[in-house]
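All values derive from a computational prediction rather than experimental measurement. If you read the sequence from its start, that first residue is 1, and numbering goes on from there.
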Amino acid sequence: MNDDPLSAEDVQEMHERAEDAQRNPSSLPVSFTMAVLAVLVAVVTLLGHRAHTEEVVAQIKATDTWSEYQAVNTRRHSYEVFGDFMETLPSKDEAQAQKARDRFRQQAALYDKRRQELRTQAEELETEVGHEERRANRFDFGEVLLEVGLVITSITLLTRRRSFWYLGMVISVFGVLIAATGIGLK
């Protein structure tokens with residue numbers, strides 16, 4: 001899909017169509033419809049780009065959270081291993097050794113709690129990624145339908161057959177409705 005919804009060529013074509021509309025007043029409604037559709041394509045394209053950006057940001061946050069989860073899990077495991085290792089070592093001062101084992105176990109428990117929190121956060125972020133992906137897909141599909149509607153509507157100016165204008169408008173209405181469902185998902 002084009003990142004620039006209205007290129008210089010599009011503007012030139014719209015200008016030419018406006019001149020044609022002055023010579024042929026019956027094409028004025030079609031030209032106006034095309035201008036409206038061009039604006040709607042631009043708006044839906046922008047909404048789609050924003051939804052894709054939100055999807056990427058959420059994915060980055062989820063990945064970062066899973067990375068932190070892994071780091072915390074490694075630390076937790078290390079403290080558990082140290083605590084278990086201390087059990088196997090003979091000690092000269094049993095009270096001091098027990099204090100060290102208890103500290104290792106406490107630290108492991110703290111990391112375990114943090115690990116569970118991070119897991120919950122990461123899963124919520126993954127849900128958000130899926131949500132933003134669905135929104136972006138709806139905007140993209142709405143954009144495609146609007147573009148198809150615009151092209152079919154423009155065929156009216158070439159053929160002078162109103163049936164293309166009506167068909168283009170029907171397809172465009174579906175494009176607007178599908179894009180609107182993306183807005184409703186926020």
Side-chain angles (χ1 to χ4, degrees), residues 1-8 10 37-151 171-186:
M1 287 178 210
N2 189 357
D3 285 341
D4 182 18
L6 290 177
S7 66
D10 293 334
L37 291 178
V39 170
L40 290 173
V41 167
V43 169
V44 172
T45 299
L46 177 66
L47 292 171
H49 288 306
R50 287 181 180 224
H52 281 293
T53 300
E54 290 297 322
E55 177 187 359
V56 169
V57 168
Q59 183 61 59
I60 290 169
K61 287 178 182 178
T63 301
D64 288 350
T65 303
W66 280 118
S67 294
E68 187 178 354
Y69 169 89
Q70 285 300 109
V72 166
N73 192 44
T74 300
R75 286 187 207 118
R76 177 197 58 84
H77 182 70
S78 296
Y79 279 106
E80 285 177 349
V81 168
F82 287 144
D84 291 344
F85 183 67
M86 294 274 305
E87 291 282 337
T88 64
L89 295 177
S91 103
K92 293 180 183 179
D93 184 354
E94 186 56 38
Q96 196 65 16
Q98 187 60 42
K99 280 173 110 177
R101 284 192 293 269
D102 290 344
R103 276 195 312 267
F104 283 131
R105 287 194 179 106
Q106 282 178 334
Q107 198 62 38
L110 288 174
Y111 279 120
D112 190 51
K113 180 182 176 194
R114 178 66 181 143
R115 180 180 66 112
Q116 295 303 327
E117 292 168 356
L118 288 168
R119 180 185 190 110
T120 301
Q121 268 182 336
E123 289 170 348
E124 288 171 359
L125 287 166
E126 285 180 341
T127 299
E128 184 180 339
V129 169
H131 174 76
E132 290 301 330
E133 180 182 21
R134 286 187 297 281
R135 285 184 70 230
N137 287 341
R138 291 196 185 178
F139 289 133
D140 290 345
F141 188 47
E143 177 186 355
V144 166
L145 289 177
L146 282 166
E147 288 175 354
V148 168
L150 179 59
V151 169
I171 292 171
S172 297
V173 166
F174 282 115
V176 169
L177 292 174
I178 289 171
T181 64
I183 294 170
L185 286 176
K186 190 64 177 175

[atom2] on [Y] to [atom1] on [X], rounded to 0.5 Å:
{"X": "Q116", "Y": "T120", "atom1": "CD", "atom2": "OG1", "answer": "7.0 Å"}
{"X": "L118", "Y": "Q70", "atom1": "CG", "atom2": "CD", "answer": "10.5 Å"}
{"X": "H77", "Y": "D84", "atom1": "NE2", "atom2": "CG", "answer": "9.0 Å"}
{"X": "L40", "Y": "T45", "atom1": "CG", "atom2": "OG1", "answer": "10.5 Å"}
{"X": "E143", "Y": "L47", "atom1": "CD", "atom2": "CG", "answer": "10.0 Å"}
{"X": "Q106", "Y": "Y79", "atom1": "CD", "atom2": "OH", "answer": "11.5 Å"}

For [X] and [Y], work out which heavy atoms get closest and say how close.
{"X": "S172", "Y": "G149", "answer": "OG-CA, 3.4 Å"}
{"X": "R135", "Y": "G182", "answer": "NE-O, 3.0 Å"}
{"X": "I178", "Y": "R138", "answer": "CG2-O, 3.5 Å"}
{"X": "A51", "Y": "E132", "answer": "O-OE1, 3.8 Å"}
{"X": "V44", "Y": "L146", "answer": "CG2-CD1, 3.6 Å"}
{"X": "A100", "Y": "M86", "answer": "CB-CE, 3.5 Å"}

- request: Sequence neighbours left out, what passes side chain to side chain donor-acceptor pair (under 3.5 Å) with R105? Give chain and number order.
  value: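 Expected list: E87.
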- request: Name all residues meeting the side chain to side chain donor-acceptor pair (under 3.5 Å) criterion together with Q59; count only those two or more places apart in sequence or in a different chain, and write none if there are none.
  value: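 Per chain and number, Q59 pairs via side chain to side chain donor-acceptor pair (under 3.5 Å) with T63.
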Could you check whether [X] pairs with [Y] (Lys NZ or Arg NE/NH1/NH2 to Asp/Glu carboxylate O, under 4.0 Å)?
{"X": "R50", "Y": "E54", "value": "no"}
{"X": "R115", "Y": "D112", "value": "yes"}
{"X": "E68", "Y": "R114", "value": "yes"}
{"X": "E94", "Y": "R101", "value": "yes"}

Is there a side-chain contact between [X] and [Y], using heavy atoms and a 4.5 Å cut-off?
{"X": "R76", "Y": "N73", "value": "yes"}
{"X": "Q107", "Y": "Y111", "value": "yes"}
{"X": "E123", "Y": "W66", "value": "yes"}
{"X": "V129", "Y": "L125", "value": "no"}

- request: Go through the steps for Q98 and D102 under the test side-chain hydrogen bond (donor to acceptor under 3.5 Å, both in side chains), then give the verdict.
  value: CA-CA 6 Å; Q98 187 60 42; D102 290 344; 2.9 Å; yes
- request: Could you tell me which residues satisfy side-chain contact (heavy atoms from CB on, under 4.5 Å) with V148, sequence neighbours excluded, listed by chain and number?
  value: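 V144, I152, I171.
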- request: Fit a plane to each ring of F104 and F82, take the angle between them on a 0 to 90° scale, and name the class: parallel (under 30°), tilted (30 to 60°) or perpendicular (over 60°).
  value: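 It falls in the tilted class, 30° to 60°.
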